[in-house]
Amino acid sequence: MQFGVLGPLRIAVAGSAADVAVAPKVRTVLAMLLLHTDQVVPVPALMRDLWNERPPATGLRTLQTYILNCRKLLAQLTGRPSADIARDTLVTRAGGYSFTSACGPVDWLDFQRLTDRGGKAIAAGDDRSGIQLMEQALELWRGDALADVPAGPVIEAKRRLLEESRLGAIGVLSEARIRKGMHREVTAQLVALTSEHQLHEGLHAQYMRALALSGRRAEALEVFSDLRVRLAAEIGIDPGYPLQQLQLAILKSHTGDI
């Protein structure tokens, strides 16, 4: 089995993937466990994400029912008895529950492993291997993390961390591609990302660099101008010093500083 949180919640069996067709709060419980694979998720944390700070009087019993439903789902998909799932896959621990990785890989852990390896390869000067690893990592994303899961504070915080990790990986990949002269690939990816993340200075800086190095200096300067207007209008600040220096380098055609 393979488990996916980098997009809608998904479980794949024998290579055939499907969205998880269970009640929303059961999806929340399963998502919490997958996001903390091989860790104990305390009962209070599960209840907080299910009901915020106001769990019902029957909250603990209801949570136990949701855990039972998760085990039944995993048993149905694997063809194993629910008792086996309770013993070695979705396990009751002191104070909480734990999902073990023995059941199958989880995509966010694969993403973390690939980006770690890719970042180390790029830092060591092996851009070719690093680019391949980063591309493999980013291909694991199928949309917004846990897009179909009702999120409490814990899941929402994890979502933000995953998205920041994704943007960080894109940044590392873009830098390596720019060094390899792959400006077209960088601009094609960043045109959509800068539209989605309209105040992210790092993504805009890389977009400007890729455009300028492709000979599209006017477009690069337009990207800076549009970002400056948005920053001033929405949060009342100017672009940071690194971005201003990049603008000056492009204005002066100092490609070595881009």
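Only a predicted model underlies this, so the values are computations on that prediction, with no experimental measurement involved. Hydrogens, waters and symmetry mates are skipped; everything else that's a heavy atom, side chains included, is used.
- Between Arg179 and Asp127 there is a salt bridge, since a side-chain N of the basic residue sits under 4.0 Å from a carboxylate O of the acidic one.
- Residue Trp51 comes nearest to Gly59 through the heavy atom pair CH2-O, 3.5 Å, listed as atom of the first residue, atom of the second, then distance.
- Contact of the Leu211 side chain with the Leu190 side chain is not registered, since no non-hydrogen atoms from C-beta on lie closer than 4.5 Å.
- The salt bridge (charged side-chain N to carboxylate O under 4.0 Å, His left out) check on Glu201 picks up nothing, with sequence neighbours excluded.
- Residues Met47 and Pro55 approach most closely at CE-CB, 3.8 Å, considering heavy atoms.
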- request: Would you sort out whether Asp107 and Gln2 count as a side chain to side chain contact (heavy atoms under 4.5 Å, CB included), showing the intermediate values?
  value: CA-CA 8 Å; Asp107 61 359; Gln2 296 176 311; over 6 Å; no

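- Contact check on Arg80 versus Asp88 returns a salt bridge, with a Lys/Arg side-chain nitrogen under 4.0 Å from an Asp/Glu carboxylate oxygen.
- Hydrophobic clustering, with ILVMFWY side chains joined whenever heavy atoms are under 4.5 angstrom apart, groups Leu46 together with Val154.
- Transitive grouping of hydrophobic side chains (ILVMFWY, heavy atoms separated by less than 4.5 Å) keeps Val149 and Leu161 in distinct clusters.
- We find that Arg159 and Glu156 are joined by a salt bridge, their nearest charged nitrogen and carboxylate oxygen being less than 4.0 Å apart.
- For the residue pair Thr100 and Asp38, no side-chain donor N or O sits within less than 3.5 Å of a side-chain acceptor on the partner.
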- request: Could you check Ile11 against Leu30 for side chain to side chain contact (heavy atoms under 4.5 Å, CB included), going step by step and ending with a plain yes or no?
  value: CA-CA 11 Å; Ile11 299 176; Leu30 184 55; 4.2 Å; yes

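- At distances below 3.5 Å, not a single donor-acceptor pair connects side-chain atoms of Ser98 with backbone N or O atoms of Val91.
- In this structure, Arg209 contributes its side chain and Ile178 its backbone to no donor-acceptor pair below 3.5 Å.
- Closest approach of Leu74 and Thr89 over heavy atoms only: CD1-CG2, 4.2 Å.
- Phe99 is linked by a ring pair (Phe, Tyr, Trp, His ring centres under 6.0 Å) to Phe3, counting only residues two or more places apart in sequence or in another chain.
- The shortest side-chain heavy-atom distance between Leu193 and Arg166 falls under the 4.5 Å cut-off.
- A pairwise comparison of heavy atoms in Phe111 and Ala169 identifies CZ-CB, 4.1 Å as the closest pair.
- Open room surrounds CZ on Arg128; 12 or fewer heavy atoms of other groups in view lie less than 6.0 Å from it.
- Of the options Leu231, Val223, Val229, a side-chain contact (heavy atoms from CB on, under 4.5 Å) to Leu227 is made by Leu231 and by none of the others.
- Using modelled atom types, no side-chain atom of Arg230 and backbone atom of Leu199 make a donor-acceptor pair closer than 3.5 Å.
- Remark: the backbone N or O of Leu133 is not paired with any side-chain donor or acceptor of Arg117 at under 3.5 angstrom.
- Within the structure, side chain to side chain donor-acceptor pair (under 3.5 Å) contacts touching residues 129-141 (residues at least two apart or in different chains) are Asp126-Ser129, Glu135-Arg177.
- Scanning both residues, Asp110 and Pro105, for their nearest heavy atoms gives OD2-CB, 3.8 Å.
- Sequence neighbours left out, the pairs with a member in residues 62-76 that pass side chain to side chain donor-acceptor pair (under 3.5 Å) are Arg71-Thr92.
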- request: Just do the side chain to side chain contact (heavy atoms under 4.5 Å, CB included) check on Tyr97 and Val40 with the steps written out, would you?
  value: CA-CA 5 Å; Tyr97 300 92; Val40 177; over 6 Å; no

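- Using a distance-only test at 3.5 Å, with no hydrogens or angles considered, no donor-acceptor pair links the side chain of Ser225 to the main chain of Leu221.
- Counting only heavy atoms from C-beta outward, the side chains of Met134 and Ile170 never approach each other to under 4.5 Å.
- Between the CD atom in Gln189 and the CG atom in Leu173 there is a gap of 6.0 Å [rounded to 0.5 Å].
- Judged by distance alone, the side chain of Ser195 and the main-chain N or O of Val191 form no donor-acceptor pair under 3.5 Å.
- Two residues are said to be in side-chain contact when any heavy atoms from C-beta on lie closer than 4.5 Å; Leu73 and Val26 fail this criterion.
- Qualifying side-chain contact (heavy atoms from CB on, under 4.5 Å) partners for Pro81, counting only residues two or more places apart in sequence or in other chains: Asp84.
- Residues meeting the side-chain contact (heavy atoms from CB on, under 4.5 Å) test with Thr194, sequence neighbours left out: Leu203, His204, Tyr207.
- Between the side chain of Asp49 and the backbone N or O of Ala151 there is no donor-acceptor pair closer than 3.5 Å.
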